[in-house]
Amino acid sequence: MDLYQLFKTRSPIIGVVHLLPLPTSPRWGGSLKAVIDRAEQEAAALASGGVDGLIVENFFDAPFTKNQVDPVVVSAMTIVVQRIQNLVTLPIGLNVLRNDGKSAMAIASCVQAQFIRVNVLTGVMATDQGLIEGEAHHLLRYRRELGCDVKILADVLVKHARPLSSPNLTVAVKDTIERGLADGVILSGWATGSPPNLEDLELACDAASGTPVFIGSGANWENIDTLMQAADGVIVSSSLKRHGRIEQPIDPIRVSQFVEAARRSWNSKGESKSAEQVKLHS
């Protein structure tokens, strides 16, 4: 399946719905209704602003568990995604932080979401949660057992982390795709709100050899023109928030502004990339 088939564009903009703290997280506020209401508002704002897809993540559950989350988090995220699906018809993905790809795959399979994001699919990363080891072997087998076609977008040298081995971007991209069987790769800056540099994006795209490369952080209406010269899509959140502050809700005006800037950039390139060049592994 290619990007156009999934997102109806060859250069998708994926907006992030950051969920308020969920049950069992340190800052859980006691009301799942408040979580759902905020998520519905943000999803509607992103959709009305023109994004091509959404990804839902338990961003405010920090500090995160490094692997498996509590079952109540899975239950809550399932409910939230279903409520969002009642509002918008966009493709939806899941990111269960910090690195619970199996729970994300389970939710996506049950609610018929289209993709998940996995922070560490292959390799070993030193993070604020400790050492996180990629478990591509478990996740890919689980997807086969579920009999679903949920796509896996995997971070390469993910933000808020350092690799234990040499941080060779080309090798990391190739390993993620060829050995981890990722359907797409994500390149971020070193932290939330920090963009990757253009040279790294170009290296990643060369190494990906046609597998889609997404910008994973730091994109805004001012830099998207430059960043998209060497990427196939973008995942965006911080710059779309009110006043650009991560704790604030999505600002519909900022969404429209970003989408307009991104579309203008891609139109200037003439969307020259063919569907075959940005094909997802089937």
Side-chain angles (χ1 to χ4, degrees), residues 14-47 53-88 90 92-113 115-120 125 127-132 135 139 150 153 155 158-161 188 191-193 216-217 235-252 255:
I14 302 174
V16 185
V17 177
H18 284 155
L19 299 182
L20 292 177
L22 298 177
T24 71
S25 73
R27 294 177 290 182
W28 160 240
S31 170
L32 189 58
K33 182 181 184 301
V35 175
I36 294 170
D37 288 348
R38 167 82 168 247
E40 289 178 330
Q41 291 166 5
E42 297 209 338
L46 288 164
L54 302 175
I55 186 164
V56 179
E57 61 180 42
N58 55 324
F59 181 83
F60 290 111
D61 278 358
F64 306 112
T65 177
K66 66 179 182 178
N67 292 316
Q68 187 173 359
V69 298
D70 191 273
V72 74
V73 174
V74 178
S75 301
M77 292 187 73
T78 303
I79 293 171
V80 171
V81 172
Q82 288 181 311
R83 293 291 292 267
I84 290 174
Q85 288 173 320
N86 290 332
L87 286 179
V88 304
L90 295 172
I92 294 180
L94 277 300
N95 185 16
V96 182
L97 298 166
R98 173 74 198 256
N99 201 54
D100 195 349
K102 191 172 183 180
S103 288
M105 182 66 71
I107 298 169
S109 174
C110 287
V111 302
Q112 296 184 314
F115 63 98
I116 65 172
R117 179 177 184 174
V118 180
N119 284 179
V120 184
M125 301 293 285
T127 76
D128 54 305
Q129 292 82 32
L131 295 180
I132 297 181
E135 297 188 341
L139 184 59
V150 174
L153 306 184
D155 285 270
V158 68
K159 58 189 175 183
H160 298 291
S188 301
T192 298
S217 67
I235 299 171
V236 59
S237 178
S238 302
S239 65
L240 307 183
K241 300 293 188 79
R242 190 176 299 160
H243 309 302
R245 296 174 58 182
I246 195 68
E247 74 277 3
Q248 293 293 316
I250 294 290
D251 183 340
V255 179

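This one's a predicted model, so the numbers in the text were calculated from it and none came from an experiment.
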statement: Heavy atoms of Leu54 and Phe115 approach each other most closely as O-CZ, 3.4 Å
- prompt: Are side-chain N/O atoms of Asn119 and Asp155 paired as donor and acceptor at under 3.5 Å?
  reply: yes
task: Quick one: pull up CD in Gln248 and CD in Glu42 and give me the separation to the nearest 0.5 Å.
output: 10.0 Å
Contact summary for Arg27 and Ala62, nearest pair of heavy atoms: NH2-O, 3.8 Å
- prompt: Do Asp61 and Leu97 touch side chain to side chain, with heavy atoms closer than 4.5 Å?
  reply: no
field: Minimum heavy-atom distance between Val16 and Ser237, given as atom pair plus value
entry: CB-CB, 3.6 Å
- request: Check the pair Met125, Val158 against side chain to side chain contact (heavy atoms under 4.5 Å, CB included), reporting the backbone distance first and the verdict last.
  value: CA-CA 8 Å; Met125 301 293 285; Val158 68; 4.2 Å; yes
message: Rounded to the nearest 0.5 Å, what separates atom CZ in Arg38 from atom CD1 in Ile250?
response: 8.5 Å
query: Quick one: does Pro21's side chain get under 4.5 Å of Pro26's, heavy atoms only?
result: no
- line: Here the gap from Leu46 atom CG to Ile14 atom CD1, rounded to the nearest 0.5 Å, amounts to 11.5 Å
- prompt: Taking side chain as C-beta onward, heavy atoms only, is Gln129 less than 4.5 Å from Thr65?
  reply: no
- request: Indicate the atoms forming the closest heavy-atom contact of Val74 with Ser103, along with that distance.
  value: CG2-OG, 3.5 Å
query: Do the side chain of Ser25 and the main chain of Leu22 share a donor and acceptor less than 3.5 angstrom apart?
result: yes
task: Considering non-hydrogen atoms only, spot the tightest contact between Phe64 and Phe59 and give its length.
output: CZ-O, 3.2 Å
task: Look up atom CG in Asp128 and atom CZ in Arg98, then write down how far apart they are to the nearest 0.5 Å.
output: 6.0 Å
- request: Give, for atom CD1 of Ile36 and atom CD of Gln82, the distance between the pair rounded to the nearest 0.5 Å.
  value: 10.0 Å
message: Rounded at 0.5 Å granularity, tell me how far OG in Ser238 sits from CD in Glu247.
response: 10.0 Å
- prompt: With a 3.5 Å cut-off and no angle check, do the side chains of His18 and Glu57 form a donor-acceptor pair?
  reply: yes
field: Sub-4.5 Å side-chain heavy-atom contact between Met77 and Leu19
entry: yes
- prompt: Are the side chains of Leu94 and Arg117 in touch, meaning some heavy atoms are under 4.5 Å apart?
  reply: no
field: Step-by-step side chain to side chain contact (heavy atoms under 4.5 Å, CB included) determination, Asp251 to Val255
entry: CA-CA 6 Å; Asp251 183 340; Val255 179; 6.0 Å; no
field: Note, Val81 side chain near Ile92 side chain (heavy atom, < 4.5 Å)
entry: yes
Side-chain touch Val35/Val80, heavy atoms, less than 4.5 angstrom: yes
message: Any non-hydrogen side-chain atom of Gln85 less than 4.5 Å from a side-chain atom of Val111?
response: yes
query: If you look at every heavy atom in Gly101 and Ile116, which pair is closest and at what distance?
result: O-CD1, 3.7 Å
- prompt: Is a side-chain donor or acceptor of Lys102 paired with a backbone partner of Leu139 at a separation under 3.5 angstrom?
  reply: no
query: Would you say the side-chain atoms of Lys66 pair up with the backbone N or O of Asn99, donor to acceptor, closer than 3.5 Å?
result: no
